[in-house]
Number of protein chains: 2
Amino acid sequence: MHFGKSALTHPLNPTYPLETFTIKDIARELNISTSTVSRALRGSYEINPETKRLVMECAARLNYRPNPIALSLKGSASRAIGVIVPQIANYFFSQAINGIEAIAYNRGYHVIIFQSQESYEREVANVQQASSRKVDGLLISLSSETSDVSHLKDLQEKNVPLVLFDRVSPELEATQIVADNFGGAFSATEHLIQSGRRRIAHLTIQPWLSITRERLAGYRAALEKYGLEFDDTLVRYGTFGSDEVGPMVDELMRLESPPDAFFTASDRLAVGCLQALRQRQLQIPEDVSLIGFTNLNVADLLDPSLSTVVQPATEIGQVAAERLIDLIERKQRALPIETVKIPTELIVRSSTRLSGQQQPLSVART
Amino acid sequence: MHFGKSALTHPLNPTYPLETFTIKDIARELNISTSTVSRALRGSYEINPETKRLVMECAARLNYRPNPIALSLKGSASRAIGVIVPQIANYFFSQAINGIEAIAYNRGYHVIIFQSQESYEREVANVQQASSRKVDGLLISLSSETSDVSHLKDLQEKNVPLVLFDRVSPELEATQIVADNFGGAFSATEHLIQSGRRRIAHLTIQPWLSITRERLAGYRAALEKYGLEFDDTLVRYGTFGSDEVGPMVDELMRLESPPDAFFTASDRLAVGCLQALRQRQLQIPEDVSLIGFTNLNVADLLDPSLSTVVQPATEIGQVAAERLIDLIERKQRALPIETVKIPTELIVRSSTRLSGQQQPLSVART
DNA sequence: TTGTAAGCGTTATCAG
DNA sequence: CTGATAACGCTTACAA
């Protein structure tokens with residue numbers, strides 16, 4: 001005689017809520033076939049209401065949970081989305097993931113997270129792994145090393161829905177969600193100019209990133225609007241470690257015609273810059289103005305003399321996740337492929353005006 | 001006649017690196033059985049070296065990747081570990097995850113991340129989901145609502161290796177990795193006392209969390225060592241929003257005998273406290289001293305007048321992941337169940353001494 | 001040394 | 001309306 005698992009171990013024992021029951025257990029319990037159970041469970045098709053009731057009742061009693069692994073193997077939805085980011089321990093990305101997870105949870109999806117660690121090679125591996133884990137869709141922010149995006153094109157050929165966010169690529173025909181980097185950089189630069197600054201340095205990250213190009217474009221557009229000449233000695237690119245920002249700022253300040261303002265592309269650059277300027281005994285914003293791109297919650301922690309352009313990290317994650325799940329859930333209809341720009345906010349926390357007159361905290365949304 | 005997938009689509013076409021080949025494809029290609037391929041691939045068993053070579057070569061050529069879903073279904077290792085944290089968008093946890101992911105990647109594991117959002121209910125759901133996704137092991141930091149840990153005990157009964165970190169529970173017989181919260185709080189408090197402070201307020205989080213209790217104990221131990229009376233009106237618990245810290249500080253400062261120093265349990269509390277004190281026109285550290293528990297990279301961003309006890313977030317994640325994977329990989333041997341304390345660092349960034357004499361930056365490891 | 005077949009949990013197809 | 005059966009990709013007795 002053969003005993004089923006539940007008979008041998010703990011039949012319906014409520015103290016074992018994590019005991020894994022399968023569709024088979026329900027079938028055996030009710031003396032019906034697994035296919036009937038399956039049909040009853042997914043409410044589909046022609047099924048005797050009474051049978052269905054029995055199955056549902058039994059499933060509830062056993063605390064039955066469909067095995068997502070088996071579902072994925074079967075080829076149907078895994079209800080998991082993959083997220084690939086360069087670094088989790090970067091406030092922008094962790095906030096974005098927070099937004100993604102919130103939306104995913106509400107809509108019944110899991111989030112599997114991968115870090116590319118800014119490595120192209122790891123990113124390719126991540127895409128493969130996500131693919132082989134049968135994610136229903138993928139959200140990605142490109143590593144700084146990535147220029148070739150064929151791994152993502154391949155994914156699209158396999159009909160895996162794809163949405164890019166923040167670090168995007170014009171080479172992909174995919175929905176892309178970004179902050180309004182151009183607008184943010186434009187208003188920051190414009191604000192500095194309107195405060196009387198004329199030599200505005202721009203410290204930024206790797207030049208080939210989409211976000212870098214957009215911010216640079218916004219910076220240039222503002223200069224142009226006010227008839228200021230673009231001087232490329234004032235623009236510095238790089239992956240600055242915390243030790244490298246100081247020397248860079250020093251070098252700029254030793255120029256024949258040194259900057260009277262700094263616009264930086266990250267909170268880390270802003271803080272490095274701030275410290276370097278303070279070491280030179282310069283007052284901010286009296287002697288030199290400073291505005292940095294930052295992430296929402298980090299902005300709270302920063303020095304009150306620092307004005308910032310705040311990136312809507314959580315919102316970018318939310319919008320990206322929403323778009324992705326929309327794509328997943330109605331694959332049939334062609335959804336528009338578009339680049340969505342989420343507005344940034346310029347927060348002026350203390351006067352950056354030369355006049356010296358104290359200005360109240362002001363907020364401008366691009 | 002039947003054409004295999006690769007024959008129909010793109011036979012060995014190198015422009016399709018994400019084409020999914022299976023063990024069957026290799027078998028068909030080589031006219032051998034799938035079991036032979038399987039054996040060759042996992043190097044096991046008695047197998048003709050030549051066959052093995054052929055299989056390996058073919059697998060490499062097709063860029064074969066075993067389907068992890070099928071592997072998990074089979075019941076063998078999924079090479080994925082689950083991580084449950086209260087909030088990803090919290091610098092401590094995102095750094096810890098960073099450490100976890102680094103170790104996991106090196107040892108060939110994936111990381112599936114869940115957020116409990118500080119909700120007990122969600123935490124229970126997360127554990128179930130992780131379990132049904134067949135993670136090989138689970139890392140968890142408890143939600144602030146969690147007091148009952150039977151969901152984790154259930155998991156242990158299913159022989160899923162479990163390691164807790166940061167927010168742990170004495171009720172579980174499991175490896176637990178924590179910062180040396182007692183030691184950190186002790187040195188911070190001791191430093192304040194040695195600087196001449198006598199009325200040290202302690203702003204902290206929910207009283208039932210392990211980390212809260214340990215820090216409070218360290219605080220009390222330091223008071224006791226120096227013969228100072230413990231005054232519970234100086235200790236405030238809560239989940240302070242950014243608007244609530246100010247009033248709390250104000251309330252304390254209106255006491256008949258107000259505090260002359262603050263020791264806070266988070267960077268957010270520290271910043272809130274700092275701002276509230278400044279609004280009262282108090283100089284730090286001259287009028288009131290302030291030390292906060294912070295996370296490593298956040299510490300860089302903070303105001304230079306703020307001394308901090310730095311939590312080794314990344315290291316906690318790394319150690320936790322290492323322990324978990326050790327547990328997973330040698331299930332047979334009983335590994336010691338222990339609580340590992342990772343040292344914290346007290347960083348004094350500007351003098352907190354009453355003497356007013358400037359003191360160089362100093363670092364003490366607990 | 002290799003092949004055959006069963007099975008992991010589920011669903012889809014096809015017969016009753 | 002319900003029950004067999006095959007299939008998803010892989011491993012593993014067991015048989016040859």
Side-chain angles (χ1 to χ4, degrees), chain A residues 2 4-6 19-56 59 62-80 128-129 131-134 136 158, chain B residues 2 4-6 19-56 58-59 62-79 128-129 131-134 136 158:
Chain A
H2 171 258
K5 147 183 49 185
S6 58
E19 169 74 37
T20 302
F21 290 101
T22 74
I23 213 170
K24 272 188 183 169
D25 297 312
I26 300 181
R28 188 167 345 99
E29 188 85 5
L30 266 45
N31 272 315
I32 56 180
S33 78
T34 57
S35 10
T36 306
V37 176
S38 173
R39 276 188 294 251
L41 253 22
R42 65 205 56 274
S44 66
Y45 250 81
E46 317 120 331
I47 186 131
N48 186 322
E50 175 60 8
T51 312
K52 178 165 178 177
R53 201 189 56 71
L54 280 172
V55 170
M56 295 308 252
L62 296 185
N63 190 28
Y64 165 79
R65 303 271 171 237
N67 179 333
I69 305 282
L71 288 176
S72 313
L73 219 213
K74 240 336 224 175
S76 67
S78 66
R79 294 200 84 78
Q128 280 204 358
Q129 288 157 352
S131 164
S132 66
R133 286 207 175 265
K134 292 268 187 305
D136 292 342
K158 294 172 84 178
Chain B
H2 171 259
K5 149 182 50 183
S6 58
E19 170 72 38
T20 302
F21 291 101
T22 74
I23 214 172
K24 271 188 183 169
D25 297 313
I26 299 181
R28 191 169 339 102
E29 188 85 6
L30 266 45
N31 272 314
I32 57 179
S33 78
T34 58
S35 26
T36 306
V37 176
S38 172
R39 277 186 292 249
L41 253 22
R42 66 206 53 276
S44 64
Y45 249 83
E46 317 120 331
I47 185 130
N48 185 322
E50 174 60 7
T51 311
K52 179 166 178 176
R53 200 189 57 70
L54 279 172
V55 169
M56 296 307 253
C58 182
L62 296 185
N63 190 28
Y64 166 79
R65 303 273 170 233
N67 179 333
I69 304 282
L71 288 176
S72 316
L73 220 211
K74 240 334 221 182
S76 68
S78 66
R79 294 201 83 78
Q128 278 204 0
Q129 289 156 352
S131 164
S132 65
R133 287 205 176 266
K134 292 268 187 307
D136 292 341
K158 295 173 82 179

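Note: hydrogens, waters and symmetry copies are ignored here, and every other heavy atom, side chains too, is used. The chains referred to below are lettered A, B, ... by the order of the sequence lines, with proteins before strands, and numbering in each begins at 1.
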Rounded off to whole Å, could you give me the [atom1]-to-[atom2] distance for the [X] and [N] pair?
X       : N       : atom1 : atom2 : result
R39(B)  : dT12(D) : CZ    : P     : 10 Å
I69(A)  : dC10(D) : CD1   : C1'   : 13 Å
L71(B)  : dC8(D)  : CG    : C1'   : 13 Å
I23(B)  : dT12(D) : CD1   : P     : 11 Å
K24(A)  : dT11(C) : NZ    : C1'   : 14 Å
R133(A) : dC8(D)  : CZ    : C1'   : 17 Å
R65(B)  : dC10(D) : CZ    : C1'   : 17 Å
I32(A)  : dC1(D)  : CD1   : C1'   : 12 Å

Of the options [options], whose atoms approach the side-chain atoms of [X] most closely?
X      : options                   : result
P49(B) : dT11(C), dC10(D), dT1(C)  : dT1(C)
Y64(A) : dA12(C), dT10(C), dT12(D) : dT10(C)
S35(B) : dT10(C), dG9(D), dT12(D)  : dT12(D)
T51(B) : dT1(C), dG9(D), dT10(C)   : dT1(C)
I47(A) : dT1(C), dC10(D), dT2(D)   : dT2(D)
S33(B) : dG3(D), dT10(C), dT4(C)   : dT4(C)
T36(B) : dG3(C), dT2(D), dC10(D)   : dG3(C)
R42(A) : dT11(C), dC8(D), dG3(C)   : dT11(C)

Do the side chains of [Y] and [X] get nearer than 4.5 Å, heavy atoms only?
X       : Y       : value
L30(B)  : V37(B)  : no
L41(A)  : M56(A)  : yes
R65(A)  : N63(A)  : yes
S131(B) : K158(B) : yes

Taking only the side-chain nitrogens and oxygens of S38(B), find out if one of them lies under 4.0 Å from OP1 or OP2 of dC10(D).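 Checking dC10(D) against S38(B), no side-chain N or O comes under 4.0 Å of OP1 or OP2.
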
| request: Could you tell me whether S72(A) contacts a base, only the sugar-phosphate backbone, or nothing, with contacts defined as non-hydrogen atoms closer than 4.0 Å? | output: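 Nothing, no nucleic acid heavy atom in range.
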
Exercise for the section: Would you classify L73(A) as touching base, sugar-phosphate or nothing, given that sugar-phosphate means primed atoms plus P, OP1 and OP2, and contacts are heavy atoms under 4.0 Å? Expected result: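 L73(A): base contact, heavy atoms under 4.0 Å.
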
Shortest non-hydrogen separation from R133(B) to S78(A) and the atoms involved: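 Closest approach of R133(B) to S78(A): NH2-O, 2.8 Å.
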
With DNA chain D as reference, determine whether K74(A) or N48(A) sits nearer its 5' end, using the nearest nucleotide of each.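 It is N48(A) whose nearest nucleotide is closer to the 5' end.
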
